[in-house]
Structure formats: structure tokens, C-alpha cells
**Student:** 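Sending over a structure as C-alpha cells; questions will come in a sec.
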Amino acid sequence: MTEQDTAWQPISPRYRVEALVHTLGGSLVPLGIASIPLWIGEPSFAWLSWYALAGTVGITALVVGFIPRRVRAYGYALRADDLVFRRGIFFQRQVAVPYGRLQLVDVTRGPLSRLLGLSELRLVTAAAATGVTIPGLPLPIAEELRDRLIAVAETRRAGL
Amino acid sequence: MPAAVLRRAADLRGGEWFRLHPLTPVLQGGVVLLGLAGAGFAALWETVILRSILIFAGVEEDDELSGIALLIADSLVVVFLGALAVVGVSALVFWVQWRVHVVRMDDDVLEVKKGVIAKSSRRARRDRINTIGVRRPLIPRMLGLAKLDIQAAGSDANVVLAYLPYSVATAVRREILQTPKATNDESEPDPQVVTRELEVSLFRYLASLVVSVETIFFGAGFVGTIMAALAAEELVAWLGPIAVVFGYVVYLADRFLRVGNFVVDSIEGDVRVSLGLLSTSVETIPPARIHALQISQPWPWKLLGWWRVDANLASSPGSANNKTPAHTLLLPVATTREMMRMVELCLPGLREDTSMAQVMTLLHLPHSHWVAGGLDERSLVRASPMARYRIPLSAGVTGSAVIAGVVALRCGRWISKLALVPVARIQSSSVSQGPWHRALGLSSCALESVEGPVSTRVLGLSSEDARRWWDTVQALIVSAVDDTTPKRRGRRTKA
């Protein structure tokens, strides 16, 4: 079975920091919305705000608690003919992208990931639904992977 | 630059710049101006024109007749001068726009330049052109004009050539698609062999619109609003059912006019689809552009034996105008025989009788009968019995099979759907599992295809089956040698 004979490569554990910042940053908007009744200054609505804030904080805490497992759930493997990528705990997905179908391999780095020395590898095929973005790769690994994928893709171009 | 108006397609061979039809700027930008003029007229009508008519006719008495009349006379002059200025300026703008809107073609590229202030220059490499659609919106069609929608590989790489006289447009289309070898050859190109394959009769199309799931929705809305109106006992409430009926009629008319008169031809292996009653659109689809095909049948059609065919196509048309049809609809309504013919045209790999029989088996029978219907047990997968808790209606028909280099994915009982995906076109494959699937020990399997209406996913496989199927399909994908590479037009033979 694929599960056993696939040598999954993990992503960098440093990605946990990036995921944490993203989660906290993402919770700011719901927190802001939840606190609107407080800003209005109508005391009879304040309870609504407290419930909403508690809910947001609770959900954020839950997401943060799962970050280590989520980061460990990411993995990729280079097989003979394709790249396999897996992600997710509750919604698991494993994708196999044949090298011959790769159109573009992108290495992107945000300011935060640059600080952490990480980068993101995005594989593009003709189908947007392929959606393979491997986060949390140390830059040298990402660049090496990109060059290798492009080299292999060149030799097996098909299906465009 | 001195450029002539393009009148003969063969002129393009010289590689010089040509202008398009003089009415182009009017048709492309004039609609806005006409709208403004209409709005202005409507505003004036009430205040000035209507009143002056009434006053001059003596219908409306006015105490200060002379003063008002003078005012109107004054404003009429102003209005007239203003209108004259608008016409003059817009004519000048149109003329300049027409002057700078030019097209050129050489052995390698097709180039269109336009714009005075916001200049734009678009080039399409001729060897990357996938197909050229001919579009004829209503007003240009009445003037005998057409535009070409040139679709090249890559997103937003389309070039629109608008407008040309219809006969010139079709000739230019063939000129662009021809290999530059013939450039020196002044003779006209050989006529292509066009075979009329299918015609969807207007009556059957209208009937298919009426016998549909949408009608049921509208009917439910009608009954609901009538009951609400009865309950409300107010005359105003009856506007509800009237609005629903009006909406239904508009919906029918819109679909009927846009997609009516559907004709399918085959030209040298390509499929040509023409549609539209008032505005028409023609698109030639090489089979290599079809990334996925879907045969579907909503349940009201089951008794009538009707089918609908859609496709996911590489490089979709019409970036310039949202109103151009996407041409992902390949047959709005067809009998079983016509549907089979369309599948054969689009997926030549399935032409064998046994393959078509297998396709029909997948469409008609629940998955327990698939092997009896001629399918190979080793090359198919069925939804697990547990799937009835996830997809209660369609668990008995959901599954997937490989037929002659095409992966077929069957789902849906109310709306039967069969997706056919040529292995050589699959971009990637995946298995996924959400919480609900996990609780039942199930997984889903998906084949990623280019964007379009066709869903290429099977739900409710047992996790073991899903993984086995994923491995099977992935092995097929990587070993698929692409024997039907898209025809590269206009490529120069390189030394």
C-alpha cells in the first residue's frame, strides 16, 4: 500500500510559529466584530459581546492547540513518477501530481517566513483544483526541490 | 501609420497593418453613449419637450405663456447645441479610435493594437492558438458583422478581433489557422469537409426547458406565493405569483434565445458547436481540448430518454465580454443515440462498440449490475454499503471505472451524472476524507481537471477501495503517453 512504502518528508517544525501568528492574526477580525456591541455603548447588548468574545477566544485556543498536530500532518514525498502531498487532520487530503503535468513551480516567502528562514512551494498544473502548496520548507530545501521538479517536469511534459 | 481597411483575408499574408470595420468603435463603445443619450432624452422629455408640445398644442393653459415659451425656446437651442456638440465630439472620438485600432499578422504572431489614451497591444503566438470562435451579437449581426475570439494557451491570453464583415471574418479565421507554409501560395485554401452531425430541434429544446428541475422550483414558488396571497387577503400580495410567472417566462425566453438553434458539425476530427437564435456563436473544439465530459440526466428526463452533455475545456473563451457563452455546454438536450454520437466525437477513444456499451451500462444500471453489463471487475470501484449514510440516494449507483483510457465517474440518482475523463488529460489525483467520511470508514477520490461544469469526484468509497483506486488511476496517469497532442497550428519547421 502507498501509505507504507511512501517516505514522507515532514515540513519544518518552525512552521508552528508561522501558523500561530497566522491563527492569532486571523482571529483579530472576529474579535473586532464580536466586540462591536461593547463599542456601541448600549449596556443591554454587552452580554452578546461577552458570549461572542468567549466563543472566538475558545475557537482560537482550540485551533492553536491543534497547530503542532496540524504541522506534523503536512508531508510530501517524491516518488518515481509523481509528487505526493498530504495535509489535514479533520479534513485529510492526499494529492499525487505527476511530474509531467507540472506547469510552474513557485517559491514564495512572506516577511514572517523570511524571518524564520522558511518558504512556501506552490505547484501549478492546468487544473486549479490541484491546489498543492507546501508550506514551511527551509529555503535551501525549497529551492533544491523546485529546481529538481522543473528538471523532471521538462523531461516528461504531457497532457497540456 | 498608413493602414487600409481589411477587406480581403488574403491581404493579411503581407504582414502589414490593417484597420477593422469603421463601425467597430460605435458597436464597442457606442452602446454606452446611446444609453446616455437615452437617459438625457428621457430627462428632457418631461420637462421641456412634452410641455412645449402641450403648450403649443394649446392643451395646457399657462398664465405666463410667453415667458415660459421663451424659456423653452432658449433651452431648446441650448439643448440642440449641446446635442450637436456631443454628436460631434463622439464622432471624432470614434474616428480616432477606429484609426488606431489595427491588426497585423506574420508567420509567428497575430497582433492587435488599439486605444489612444489607454493603449493596448495584444499578441497571440500563432502556434499557441487553440481555437477561434466566431461571435455574432444581435446588433452587429443585423449589420452583417462578426467578431473573432482567438483563444490561445495560457490564462487571459485571448485576442478579440472585432468587428469584421461576416464573410471576411470567417476567411480571416481560416487564414490565421493555416500553416504559414501556404503564405506564398496565392490560391484559396481547400474547402474543409464539414459534416452536419446533430441538430437540436427548437420544439424539443423548448420542451426540455419546460420539463426540467427548474420548472419544479418555479412551480413550487408559484404555489407558495399563491398560498401566501390567499392567506394575506390583500390585493398587493398577488404581485408575488405574478412575479414568479414573469420570472419563469423571462428565464425560458432567455435560455431559449441564447442556446436555441443548437447545431453540431464535425470538421476534420474537430467538433463545431453553433448556438443562439438572435446573437449567434460558433466554436470549434478539437477533442484534445476536452479535459472532461459529463453526461447528465435530471429525473424528469428519464421517461423521455433525454440527455445533456457538458465539458471542461482547456482555455475558455471570451475574456472581453461576459455575455459570450462559455461553450462548455455541448448538447442542451439529446436522445440516447445523439448523446452517444457526441461522446464518440469528443472522445474518439470510446468509439468501439464495447466501450459505448460499457458507458451505457454505467449510466443505466446500479453498480451491482456493472460486471454483468460487461465491465471488468478489476477496473472498477463501487461505493461502499456504508455510503448510504453519506449519500443516501445515490449510494447504489456511485462508483468509477476505467474504459479504454478514459476514467468514468458515476454519481447521482435524481440527476444522474457520468463524468468521462481521458487519462492523458488528468492533471492530478487525490483522496480525501472529512469527519463524516471518517466516521463511516469512507474516503472520496478526485481527479483534478481544468475548471468547468464537470465534477470529477466520487464520494463514499471505502477507504481501502479509495486508496486502491487512487493507486490504479495514478499509475495510469503517469504511464499515459499523450497520443493526441493538440494540433499546433502555424508552427514553423525548425531546422
Side-chain angles (χ1 to χ4, degrees), chain A residues 1-6 8 62-63 66 69-70 73-106 121-134 149 152-160, chain B residues 128 130 153-155 288-289 291-292 312-315 421-439 443-452 454-457 463-464 466-486 488:
Chain A
M1 290 267 82
T2 325
E3 193 59 53
Q4 280 87 51
D5 58 22
T6 305
W8 290 108
L62 205 66
V63 175
F66 272 105
R69 281 199 60 190
R70 194 150 60 87
Y74 279 106
Y76 66 92
L78 298 172
R79 297 195 299 195
D81 304 300
D82 51 13
L83 178 141
V84 228
F85 172 66
R86 65 163 191 203
R87 61 167 298 172
I89 322 167
F90 296 108
F91 293 88
Q92 293 182 345
R93 181 160 184 260
Q94 294 192 15
V95 203
V97 188
Y99 296 133
R101 304 294 200 274
L102 286 174
Q103 292 194 330
L104 191 85
V105 184
D106 228 7
L121 193 77
R122 197 167 61 97
L123 308 187
V124 179
T125 67
T130 297
V132 175
T133 306
I134 312 176
L149 287 174
V152 192
E154 275 295 308
T155 59
R156 313 189 187 197
R157 191 151 294 286
L160 297 178
Chain B
R128 305 308 302 272
N130 280 332
S155 63
R289 246 186 91 204
H291 279 231
N312 287 356
L313 301 177
S315 73
V421 194
V423 169
R425 304 267 165 272
I426 301 172
Q427 299 299 315
S428 64
S429 63
S430 64
V431 277
S432 41
Q433 190 182 49
W436 198 352
H437 266 88
R438 171 103 46 91
S443 289
S444 67
C445 206
L447 313 171
E448 278 88 29
S449 155
V450 297
E451 235 176 338
V454 183
S455 154
T456 50
R457 220 172 148 218
S463 288
E464 202 178 303
R467 191 157 282 285
R468 174 179 67 84
W469 193 242
W470 187 44
D471 287 342
T472 313
V473 172
Q474 191 62 20
L476 283 173
I477 299 172
V478 294
S479 66
V481 181
D482 200 14
D483 52 350
T484 52
T485 39
R488 292 280 186 238

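Values below: every heavy atom of this structure, side chains too, minus hydrogens, waters and symmetry copies. Every chain is numbered from 1 and lettered A, B, ... according to where its sequence line falls, protein lines coming before strand lines.
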**Student:** Looking at chain B, which one of A/A127, A/A129, A/A128 has the largest number of heavy-atom pairs inside 4.5 Å, strictly under?
**Tutor:**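 Highest number of pairs under 4.5 Å: A/A127.
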**Student:** Please report the closest heavy-atom contact between A/W8 and A/V84, naming both atoms and the distance.
**Tutor:**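 Distance-wise, the nearest heavy atoms are CZ3-O, 3.8 Å.
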**Student:** Just checking, is any N or O donor in the side chain of A/T130 or A/T125 under 3.5 Å from an acceptor N or O on the other one?
**Tutor:**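 Their side chains do contain a donor-acceptor pair, which is all the 3.5 Å distance test asks for.
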**Student:** Quick one: list whatever passes side chain to side chain contact (heavy atoms under 4.5 Å, CB included) with B/A446, sequence neighbours left out.
**Tutor:**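 Scan of B/A446 (side chain to side chain contact (heavy atoms under 4.5 Å, CB included), adjacent residues dropped) gives B/S430, B/E448, B/R457.
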**Student:** Is chain B contacted by the side chain of A/I89, its backbone, both, or neither, given a heavy-atom distance below 4.5 Å?
**Tutor:**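 Only the backbone of A/I89 comes within 4.5 Å of chain B.
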**Student:** Where on B/Q433 is there a heavy atom nearer than 4.5 Å to chain A: the side chain, the backbone, both, or neither?
**Tutor:**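 Both parts, backbone and side chain.
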**Student:** Counting only non-hydrogen atoms closer than 4.5 Å, does B/S429 touch chain A with its backbone (N, CA, C, O), its side chain (CB onward), both, or neither?
**Tutor:**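 Contact with chain A: backbone and side chain both.
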**Student:** With sequence neighbours left out, what residues match B/A466 under side chain to side chain contact (heavy atoms under 4.5 Å, CB included)?
**Tutor:**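 If we apply the side chain to side chain contact (heavy atoms under 4.5 Å, CB included) test to B/A466, skipping adjacent residues, the hits are B/V431, B/S443, B/L461.
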